[in-house]
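Below: one structure, written as structure tokens.
Note that this is a predicted model, so its numbers are computed, not measured.
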Amino acid sequence: MKAMKRMMSRGKVKDDDRVRRMDEEEDEASPRKGKKKGKKGRGGAGGDDDAAAKKAKGADAGGRDALADPSAAAAEADPLVAYDASGAVQMCSSLATSAWQDNTTFMHSLHVMGDECGVFLGEWLAEAERGLAGGAEGDEEAVAFAVTGFKLLAQVVVHSKHQSGGAAICEALGKFVRRSSAACVAVMEILAKDRTLMHDVLLRCPITKTRQAIADLVTTLLEVMTPLEVERLTEMETYEVEVPVPPPVVVEEEADGDDDKKEKDGGSDDDSAGARSASADAASEPQTRMVTMERATTLTATLLDAMLDYATLDIAGECWRHFREFFLVLRRFAEQGWAERAFLLQREGVMRVMDLYLGTDSPFHEVLWEPGVRRRPAMGTKSTPVDWTEALQLVSVLVRSCSTTAPRQPPTLLLPPSGEPLPPLSADSRRVILIKPFYVASLRQSDNADAVANIIGHTAWEWPEFTKSVIEVIVEGLDSAEAGDVAPYFTVMRHFVALDDSLRETRTQALLWGEPRNVLTVARAYRVRYPTFTLAALVGLFGVCQEQPHVGDALCADRDTLAWLELFLRRRVADAEAEAGASAAADDAAGNVSLTELLAAAIMGREVKSTVTKATDAAEAQRALAEAALIDLDALVSARGGALIGEEGLRELEAAQAADDAEAAEEEADEGGGGGEGGADGEGDDDDDDDDAVDVDDVDLALAAALRESQEMADAAAAAEAAEAAVSDDDDDDD
């Protein structure tokens, strides 16, 4: 309330009556003030003495604070918030000066290091490295040059908008740390013990080329330091730290019933006031306690612990556009050797990275922290997806370094040196890689397919339940994918069916013939409405069959499936040719040119004013893709001693099927009593037969596609039959 009154007075509120009413309402609403007034009246001089003593104590404290803080007077003269004559808020001069200085420093760092300057400094450091002396003197010079260059890199270059300076300096620093282990230790100590600096160089640097060079430099540091500390990577030391203790919560007694309670307890106003004063003094004094904590003893482990810390990973989530190089460093460290991977597994690297990936879907979202405490940054946009390639490659390497529960280990296992035991994946890490949203989300990006396929191949080995879940993910994901997004599912399928365990045949049969849906039924269901999707799915499936012969054997064993596959591909080639011809005619009529003609005109310097169409190019691409798929299908069938039906055979099959459908329709009409002979009734029956012919969902599986594609031929046959009937009727009339 007092703060509000001060703001109103600074805002030049001149309503004195309103301010006075606020004071009166505050006094009436506060029982303490009434008690103090009553106590003062009852206590007489004693109450005045206590008030004077408290006032003197406050004055002494104020004097000590003023001595301890020389800027107190300046703060009074320069309030944090001020108002001008018009009532607008004005920033205090000290805050404005600080902001100006920060902006000046930022702009200086942004522009001071140009490309030429960065290249010059990199060449200067490289020349200094070539001129180093040998022995201890050379180490001292290397340390001095390396520390100076790295601080310049971390404090200035990473904030620069220019591209070339950071790469040249990082390359020169890499030569220093490879040549001198002392220089490597000095730079590593700066990087490992200053987390803000580490965040700046690996996450906040805006230039991709500079971040890549820094990632190469940090990888070099780890390659040099790890052999020196590999035996002590998991060693920890204890230390004590002083932490504040939250003040106790003081519950004040209510005003009602205070007198009765005092009489019952035999207390007085002075006793209760003294107790409250003592509690307030105790609560105002800062309380601390000593806590024992652990930390790594080596610089390598210190840096990696800082990178895997939850606070650092949250910052990585905020900098999701830049964190590819951050996880690249961790992935390269994991690939250095078995001891490095064992260290990351011991530090729960899988669980921590996957917790960041899953976000609010993580099973530890509200387990490691209280609900609402941890801030989950929003990552990725519709136009710019998050690049998780290196992060998932890291998870794949770590998962494949752990043993499974199967009696025989999978071939995907990254074996340790002889004699080293195989560590199992921890319960928390196992929990995050078995969650379905991980696979659903990761397979929407083709860049993640290889890493996810390796994780699936290692985990599904001799595990029927997980195998069933993976089949569901593949089929459901394929069903919801667009034509250009089917490749990741067939990448996973290729690794999945290649597992040579006891479930190999089960996986193949479930993917091709499983109920209620499988890969073939999903591809066939969209062949009419979305033929480009069906074609893309068949191309992916044929690729799996070529790499895994047992899948090709299962596919070619079903003649009905081969029939609709061949018919779809042949009709797709014909339709694509027709579409290309129609698009080319439309382009000629509109004066459009192809992309090739436009490029040729640009090279020759001729001006082209007509628009460019992509319809012709897309149709040609579809035709070429369908022809290639038909060739692949023919190769699969021929390799197993069979042959495709061919165009003539498909036409005969279509005609036979059309006749069978017409006969079936007549029988149904006779049974229903609605059919007639000759005349208009006969023509009506022909129309009904045509309608039945286009209903591809009610016909035999082997010829469903044939009936759908043979509509024109059915119309022609019906017209011919009608003409023949008309001729025979004329002959009868003549007789």
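Within the 4.5 Å cutoff, the side chain of T298 has no heavy atoms near those of the V230 side chain. By the 4.5 Å heavy-atom criterion applied to side chains, Y357 and V432 are not counted as neighbours. Residues F333 and L394 have side chains not in contact (no heavy-atom distance under 4.5 Å, counting atoms from C-beta outward). Here the side chains of E325 and I214 are not in contact, with every heavy-atom distance at 4.5 Å or above. V539 has its side chain out of reach of V486: every pair of non-hydrogen atoms, C-beta onward, lies at least 4.5 Å apart. Taking the side chain as every heavy atom from C-beta outward, I435 and P363 approach each other to under 4.5 Å. Within the 4.5 Å cutoff, the side chain of P385 has heavy atoms near those of the Q445 side chain. By the 4.5 Å heavy-atom criterion applied to side chains, D216 and C170 are not counted as neighbours.
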* Give the C-alpha distance, both sets of side-chain angles, the deciding distance and a yes or no for side chain to side chain contact (heavy atoms under 4.5 Å, CB included) between M290 and V241. => CA-CA 6 Å; M290 302 303 294; V241 62; 5.9 Å; no
* List the steps and the verdict of side chain to side chain contact (heavy atoms under 4.5 Å, CB included) for V350 and D428. => CA-CA 9 Å; V350 173; D428 291 342; over 6 Å; no
* **Stepwise side chain to side chain contact (heavy atoms under 4.5 Å, CB included) test for Y239 and R295** => CA-CA 8 Å; Y239 67 101; R295 63 186 173 195; 3.5 Å; yes
* Any chance you could lay out the side chain to side chain contact (heavy atoms under 4.5 Å, CB included) test for D361 and H365, step after step, and finish with the verdict? => CA-CA 7 Å; D361 290 332; H365 176 55; over 6 Å; no
* To do: Start with the C-alpha distance between E129 and K175, add both sets of side-chain angles, then the distance that settles salt bridge (charged side-chain N to carboxylate O under 4.0 Å, His left out), and finish with yes or no.
  => CA-CA 7 Å; E129 184 270 333; K175 295 178 181 178; 5.5 Å; no
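When every heavy atom of P410 is checked against every heavy atom of T404, the shortest pair comes out as CD-OG1, 3.7 Å. Closest of all the heavy-atom pairs between M351 and Y310 is CE-OH, 3.2 Å. Closest approach of G149 and L125 over heavy atoms only: CA-CD1, 4.3 Å. When all heavy atoms of L313 and L356 are compared, the pair lying nearest together is O-CD1, 3.5 Å. Contact detail for W338 and L414: the closest heavy-atom pair is CZ3-O, 3.7 Å. When every heavy atom of F490 is checked against every heavy atom of G540, the shortest pair comes out as CD2-C, 3.6 Å.
For the residue pair S429 and E348, a side-chain donor N or O sits within less than 3.5 Å of a side-chain acceptor on the partner. A donor atom on one side chain and an acceptor atom on the other are found under 3.5 Å apart for T389 and D387. For the residue pair H199 / T312, a side-chain donor-acceptor distance below 3.5 Å is found, with atom types taken as modelled. Side-chain contact, Q346 with T234: no donor N or O sits under 3.5 Å from an acceptor N or O. With no hydrogens or angles considered, no side-chain donor-acceptor pair links Q409 and S403 at under 3.5 Å. If you check the side chains of S396 and R400, you find a donor sitting under 3.5 Å from an acceptor.
A distance-only check finds no donor-acceptor pair linking the side chain of R332 to the backbone of T219 [under 3.5 Å]. In terms of modelled atom types and a separation under 3.5 Å, the side chain of S401 and the main chain of V397 share a donor-acceptor contact. The closest donor-acceptor contact from the side chain of E229 to the backbone of T300 lies under 3.5 Å. The closest donor-acceptor contact from the side chain of H458 to the backbone of C402 lies under 3.5 Å. Remark: side-chain polar atoms of R341 are not paired, donor with acceptor, to backbone N or O of E335 under 3.5 angstrom. Between the side chain of S442 and the backbone N or O of F438, at least one donor-acceptor pair lies under 3.5 Å.
Rounded to the nearest 0.5 Å, atoms CE (M307) and OG1 (T302) are 13.0 Å apart. Rounding to the nearest 0.5 Å places CD of E340 at 9.5 Å from CG of L304. Here E189 contributes atom CD and C184 contributes atom SG; the two are 11.5 Å apart, rounded to the nearest 0.5 Å. With rounding to the nearest 0.5 angstrom, the NE2 atom of H495 is 7.5 Å from the OG1 atom of T491. Note that CZ of R347 and CG of L233 are 8.5 Å apart. Values are rounded to the nearest 0.5 Å. Rounding to the nearest 0.5 angstrom, the gap separating the CD atom in Q336 from the OG1 atom in T226 is 4.5 Å.
Within 6.0 Å of CD on E231 lie no more than 12 heavy atoms contributed by other residues, nucleotides or ligands. Within a 6.0 Å sphere centred on CD of E482, other residues, nucleotides and ligands contribute 12 heavy atoms or fewer.
The distance between the ring centers of W388 and F323 falls below 6.0 angstrom. If you look at F326 and W320, their ring centroids are not closer than 6.0 Å.
Using a 4.0 Å cut-off between a side-chain N of Lys or Arg and a carboxylate O of Asp or Glu, R376 and D355 qualify as a salt bridge. A salt bridge links E476 and K436; the closest N-O separation between the charged side-chain nitrogens and carboxylate oxygens is under 4.0 Å. The pair R195-D309 meets the salt-bridge criterion, since a charged nitrogen lies less than 4.0 angstrom from a carboxylate oxygen. Electrostatic pairing of E242 and R289 does not count as a salt bridge here, judged by no charged N lying under 4.0 Å from a carboxylate O. Ionic pairing of E547 and R494 is present here: one or more N-O contacts between side-chain nitrogen and carboxylate oxygen are shorter than 4.0 angstrom. R444 has no carboxylate O lying under 4.0 Å from a charged side-chain N of D485, or vice versa, which leaves the two without a salt bridge.
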